[in-house]
Amino acid sequence: MSAKKEKNVKEKKKISLTSMIFIALIAGAITGMVLHYLVPDSSVKNDVIVEGVLYVLGQGFIRLMKMLVVPLVFCSLVCGSMAIGDTKKLGNVGGKTLAFYLVTTAVAVAVALGIGTLLRPGIGLDMSKIQINASDIETMESTSLVQTILNIIPDNPIKSLASGEMLQIIVFALIIGVILAKLGERAETVSNFISQFNDIMMEMTMMVMSLAPIGVFSLIARTFATIGFSAFVPLAKYMIAVLIALAIQCFGIYQILLKLFTGLNPVKFIRKFFPVMAFAFSTATSNATIPLSIDTLHKKMGVSKKISSFTIPLGATINMDGTSIMQGVAVMFAAQAFGIQLTPMDYITVIGTATLASIGTAGIPSVGLVTLTMVFNSVGLPVEAIGIIMGIDRILDMARTAVNITGDAVCTTIVACQNGAVDKEVFNKAE
């Protein structure tokens, strides 16, 4: 009985943390709006509170999470591929995961183009009311599709680990994991070391996550204190189009796929995973949610860590449906605002380019704006249009990150269910 009581206490603590994250999200938004509209500008407000305390606490938390990402992703993927063991089964899981991510990304872009065509966010826009950040656009660099493909292969794995090149880290980690599984007892010392180091990183992650409410509050408060609502008005149609497309992808397409391939209840899935979505919204970085996603899927939905430790880090790097949706709507917005007619072939090009660009997109804030230059160039749209939407991208970046990590979780649940790695009793258990 004592062990059972102790387990219940731990579960309550976990629920308390996720609840605190959500409370911090709401409190931060309210605080930010109060600072923006009710507190007059002064050096105390701007320099000490907004750009001082809130900035340091928010960015400090993000840095702590980033500190964990590379070793955590590397160890998780090595352990995940080792745990799956059989190379054929690993290939099966990897193939299904990759196919899911690519197909849903292509669907996401198609949905975005459809919503952009229906709502026409660029029509009737008064360009004189929009501040174009042209100087920022000049510093953005686009990467060719050929280079994106070549960038998957690390020419120096140590350099990739040091610089945080996630796609290259994933490839290197998978190779190491497969070889360790093949060698078995001959490489037992190395296998044990990586497994134990993975345990250390998970424990460290839980320690950092205890600071999440403070970090979330600071990030949200500073965002709303800086932006307010006035910046949204000229681009309201664009924002609405992106948010509608994101909602269709997150609460429509993903949940239909979940029900279709697993038979699980989508409402229960959303309710249990919502705290992770709120956390992703506040941090605007997929990589920071990796440990929380794995932990939530395991404890609340019964998904085996053997699967999630492989699919979640992979998804944080290559599954960027939310970013692809923004890019699809942005293409329609720019074409309409500048009076450029797109052909059916242009639409196909956008879908293909945005899907492939998402593979090389890092899971960090606002990186989608950089890859957007590749998408714009593919159909001859002026990259200056990106400067128009930069001012409000932070809020949309937060929303699309929540969609990205939800897609990762849905894919993980589907793949795990098809491999008999989901405890449905845990999934159906009331919280």
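Counting only heavy atoms from C-beta outward, the side chains of F261 and C417 never approach each other to under 4.5 Å. Counting heavy atoms from C-beta on, the side chains of V111 and I325 never come closer than 4.5 Å. For the pair M277 and C250, the minimum side-chain heavy-atom distance is below 4.5 Å. Between V171 and P154 the shortest side-chain heavy-atom distance falls below 4.5 Å. At least one side-chain heavy atom of L396 sits under 4.5 Å from a side-chain heavy atom of Y238. A 4.5 Å side-chain heavy-atom check between M326 and L246 finds every atom pair outside the cut-off. In this structure, V242 and I115 have side chains that are not in contact, with every pair of non-hydrogen atoms separated by 4.5 Å or more. Side-chain contact between V415 and F310 is absent, with no heavy-atom pair separated by less than 4.5 Å.
A donor-acceptor pair is defined here as one N or O able to donate and one able to accept, closer than 3.5 Å; no such pair exists between the side chain of Q168 and the backbone of P157. Side-chain N or O atoms of D295 include none that pairs as donor or acceptor with a backbone N or O of P291 at under 3.5 Å. When atom types are taken as modelled, the side chain of K259 and the backbone of P266 share no donor-acceptor pair closer than 3.5 angstrom. Under a 3.5 Å cut-off, the side chain of Q255 and the backbone N or O of V410 do not form any donor-acceptor pair. Side chain of K305 to main chain of I294: no donor-acceptor pair is present (N/O by atom type, distance under 3.5 Å, no hydrogens or angles). Counting only distance, with no hydrogens or angles, the side chain of T296 and the backbone of S293 share no donor-acceptor pair below 3.5 Å. At least one donor-acceptor pair closer than 3.5 Å links the side chain of Q336 to the backbone N or O of G116. With hydrogens and angles disregarded, no donor-acceptor distance shorter than 3.5 Å links the side chain of D321 to the backbone of N404.
Between A334 and L381, the shortest heavy-atom contact is CB-CD1, 4.3 Å. When all heavy atoms of L243 and A399 are compared, the pair lying nearest together is CD2-CB, 3.9 Å. The two residues V303 and A416 have their closest heavy-atom pair at CG1-CB, 3.8 Å. The two residues A241 and V329 make their nearest non-hydrogen contact at CB-CG1, 3.9 Å. The minimum heavy-atom distance linking A330 with F376 is given by the pair O-CZ, 3.7 Å. Here the closest heavy-atom approach between residue V93 and residue T97 is recorded as O-OG1, 2.7 Å.
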### Message
Set out, in order, the CA-CA distance, both residues' side-chain angles and the distance that settles side chain to side chain contact (heavy atoms under 4.5 Å, CB included) for F217 and I23, then state yes or no.
### Response
CA-CA 9 Å; F217 173 85; I23 292 167; over 6 Å; no

### Message
Does H298 form a side chain to side chain contact (heavy atoms under 4.5 Å, CB included) with V426? I'd like the steps, not just the answer.
### Response
CA-CA 9 Å; H298 179 64; V426 174; over 6 Å; no

### Query
Are M320 and T105 close enough, and set up right, to give a side chain to side chain contact (heavy atoms under 4.5 Å, CB included), and what steps lead you there?
CA-CA 7 Å; M320 297 290 166; T105 300; over 6 Å; no

### Message
Does E51 form a side chain to side chain contact (heavy atoms under 4.5 Å, CB included) with N46? I'd like the steps, not just the answer.
### Response
CA-CA 6 Å; E51 298 301 327; N46 296 328; 5.5 Å; no

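Taken from CG in L57 to CG in L211, the straight-line distance is 10.0 Å, to the nearest 0.5 Å. Interatomic distance, C79 SG to I176 CD1, rounded to the nearest 0.5 Å: 12.0 Å. We find the CD1-SG distance between I312 and C411 to be 8.0 Å, quoted to the nearest 0.5 Å. One finds the CG atom of L264 at 9.5 Å from the CE atom of M301 (value rounded to the nearest 0.5 Å). Residue S218 holds its OG atom at 12.0 Å from CD1 of I49, rounded to the nearest 0.5 Å. Atom CD1 in I256 sits 10.5 Å away from atom CD1 in I248 (nearest 0.5 Å).
Every ring pair (Phe, Tyr, Trp, His ring centres under 6.0 Å) that F269 has, sequence neighbours left out, goes to F273. By the ring pair (Phe, Tyr, Trp, His ring centres under 6.0 Å) test, F274 is found to be paired with F22, residues two or more places apart in sequence or in another chain being considered.
Applying side chain to side chain contact (heavy atoms under 4.5 Å, CB included) to F281 and the options V403, T401, T289, L25 leaves one that passes, L25.
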